[in-house]
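Below: one structure, written as structure tokens.
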Amino acid sequence: MTETGKLTRRTAELLLSALIIARATAYMFSKLLLQSMGKFTLLGIRSAIAFILLAVVCFPRLRKADRKDALFGMALGASFFIVMCFELAGLKSTSSVSVSFEENTAVVLVPLLLAVLRRKMPDRHTIQIMLLCGLGIFLLNFRPEGFEFNIGDFFGMMAAFSYALTIILTARIGAKGDPIRIGIFQVGTMAVLSLIAAFIFENPALPSGGTEWSYMLYLAIVCSAFGFTLQPFAQSGTTAERAGVICALNPVTAAILGALFLNETLTIKGIAGAVLILTCIIRKE
């Protein structure tokens, strides 16, 4: 850390890398839980456990929260809630590998959306990267019997768009208040919105058995309490563009886990598409 208590860029990016890898494991555990739970119920229970844990552990710090921390946290929580809804909907209909690569094209969308927000045309490099990424998505969803872009892939791309907006929002407001308190309010907001949606659209039920509870606790503690809460803190020490590059670790990790534990495979064209998307993510700057 620096003398002012802020993270150095190197420390921030190392922490963000660890967060991205940890959150990448969520694709696998979420897909397993979605076999017996609704997406809102899963996200609601996961976020509620994480919020309670964070509120207890960080209570002295949370007591100092002001209106700005709460409002910023609620804004990020609502934004991440939308991202997670699309992500979980995608996982119900297609492979975790496809969703992870599609969702993380968000980092390619970031400079495009920034150009729109700044009312400035994207440069030639950004346009080229977007076209190559589109080709990668086409190859990723190409099957021997032809191109297949199902509803799960649509949700994966909607997750990418909403995640790109969230990356920009996090960069803009994550450093304007206390990042940890903002992160706690963010998780709490996700819990409230998810549980409301669960009671409206689903029949909520707790996980059954030790295995499902172990998956849920992992998602709550490692992916939500650790992952979501510390992201504003980590991102406060780097830029939105750099954060986007680091997100390339997410689909790589998800693809490895999907192949090892979910028996998910890619065709040769799919592998080529995944490599092309990953190259676009890494080289987008």
Side-chain angles (χ1 to χ4, degrees), residues 5-24 26 43 46-47 50-51 54 58 61-62 65-87 100 103-118 158-194 222-251 281 284-285:
K6 292 186 177 180
L7 292 175
T8 63
R9 180 166 176 166
R10 179 178 175 80
T11 302
E13 292 182 356
L14 285 173
L15 175 59
L16 187 58
S17 298
L19 296 174
I20 295 300
I21 291 173
R23 282 177 48 197
L43 184 58
R46 165 184 168 178
S47 300
F51 176 74
L54 290 166
C58 303
R61 188 165 188 163
L62 192 59
D66 56 22
R67 185 169 177 267
K68 181 169 62 175
D69 291 331
L71 289 176
F72 287 165
M74 290 168 65
L76 285 180
S79 187
F80 266 114
F81 168 72
I82 295 172
V83 175
M84 292 302 299
C85 286
F86 283 130
E87 176 187 307
S100 63
E103 182 175 343
N104 283 278
T105 59
V107 302
V108 180
L109 294 174
V110 167
L112 179 64
L113 291 175
L114 286 173
V116 173
L117 292 172
R118 294 166 181 167
M158 289 303 296
F161 180 76
S162 55
Y163 188 29
L165 291 174
T166 302
I167 290 173
I168 296 171
L169 182 63
T170 301
R172 292 196 171 191
I173 70 176
K176 292 184 178 180
D178 181 87
I180 299 298
R181 292 197 289 264
I182 289 174
I184 295 173
F185 281 112
Q186 170 188 312
V187 174
T189 300
M190 292 173 67
V192 171
L193 293 177
S194 300
V222 177
C223 301
S224 289
F226 175 58
F228 280 116
T229 305
L230 290 181
Q231 181 161 344
F233 181 55
Q235 256 193 255
S236 67
T238 188
T239 64
E241 288 80 8
R242 289 288 297 172
V245 174
I246 292 169
C247 285
L249 292 169
N250 188 297
I281 292 171
K284 75 177 184 62
E285 293 185 312

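These numbers come from the heavy atoms of this one structure, side chains and all, not from hydrogens, waters or symmetry mates. Numbering starts at 1 and runs along the sequence shown.
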For Ala50 and Ala225, the nearest pair of non-hydrogen atoms, with its separation, is CB-N, 3.7 Å
Do side-chain atoms of Asp69 reach the backbone of Asp178 as a donor and acceptor pair under 3.5 angstrom? yes
Residues Phe51 and Val187: closest non-hydrogen pair is N-CG1, 3.7 Å
Determine yes or no for a side-chain-to-main-chain donor-acceptor pair under 3.5 angstrom, with Arg61 supplying the side chain and Arg181 the backbone. no
Between Phe226 and Leu19 the two heavy atoms that sit nearest each other are O-CD2, 3.2 Å
Open item on the list: For Thr8, is there any backbone N or O sitting under 3.5 Å from a side-chain donor or acceptor partner on Thr11?
Closed with: no
Tightest non-hydrogen contact, residues Glu103 and Ala159, listed as CG-CB, 3.8 Å
Contacts of Ala164 meeting side-chain contact (heavy atoms from CB on, under 4.5 Å) (sequence neighbours excluded), chain-then-number -> Ala106, Leu109, Val110, Leu113
Residues passing the side-chain contact (heavy atoms from CB on, under 4.5 Å) test with Val192, sequence neighbours excluded, are Ile196
Notebook entry, point to check: Any side-chain heavy atom of Ile182 sitting closer than 4.5 Å to one from Met74?
Noted result: no
d(Tyr163 OH, Ile168 CD1) to nearest 0.5 Å is 12.0 Å
side-chain contact (heavy atoms from CB on, under 4.5 Å) filter on Ala191, not counting sequence neighbours, yields Ser47, Ala48
Taking every heavy atom of Met190 against every heavy atom of Phe80, the minimum-distance pair comes out as SD-CB, 3.8 Å
Those residues at least two apart in sequence (or on a different chain) that pass side-chain contact (heavy atoms from CB on, under 4.5 Å) with Leu71 are Arg67
So the salt bridge (charged side-chain N to carboxylate O under 4.0 Å, His left out) pairs with at least one residue in residues 76-87 (sequence neighbours excluded) are none
So salt bridge (charged side-chain N to carboxylate O under 4.0 Å, His left out) across residues 8-19, not counting sequence neighbours, yields Arg9-Glu13, Glu13-Arg242
* Sidechain-backbone polar pair: Ser162 side chain, Met158 backbone, donor-acceptor under 3.5 Å -> yes
The side chain to side chain contact (heavy atoms under 4.5 Å, CB included) partner of Phe185 among Leu54, Leu62, Ile180 is Leu62
ask   = Is there a side-chain contact between Thr189 and Phe81 (heavy atoms, below 4.5 Å)?
value = no
Any Cys223 side-chain heavy atom under 4.5 Å of Arg46 side chain:
yes
One should read off an interatomic distance between Ser79 OG and Leu165 CG, to the nearest 0.5 angstrom, of 6.5 Å
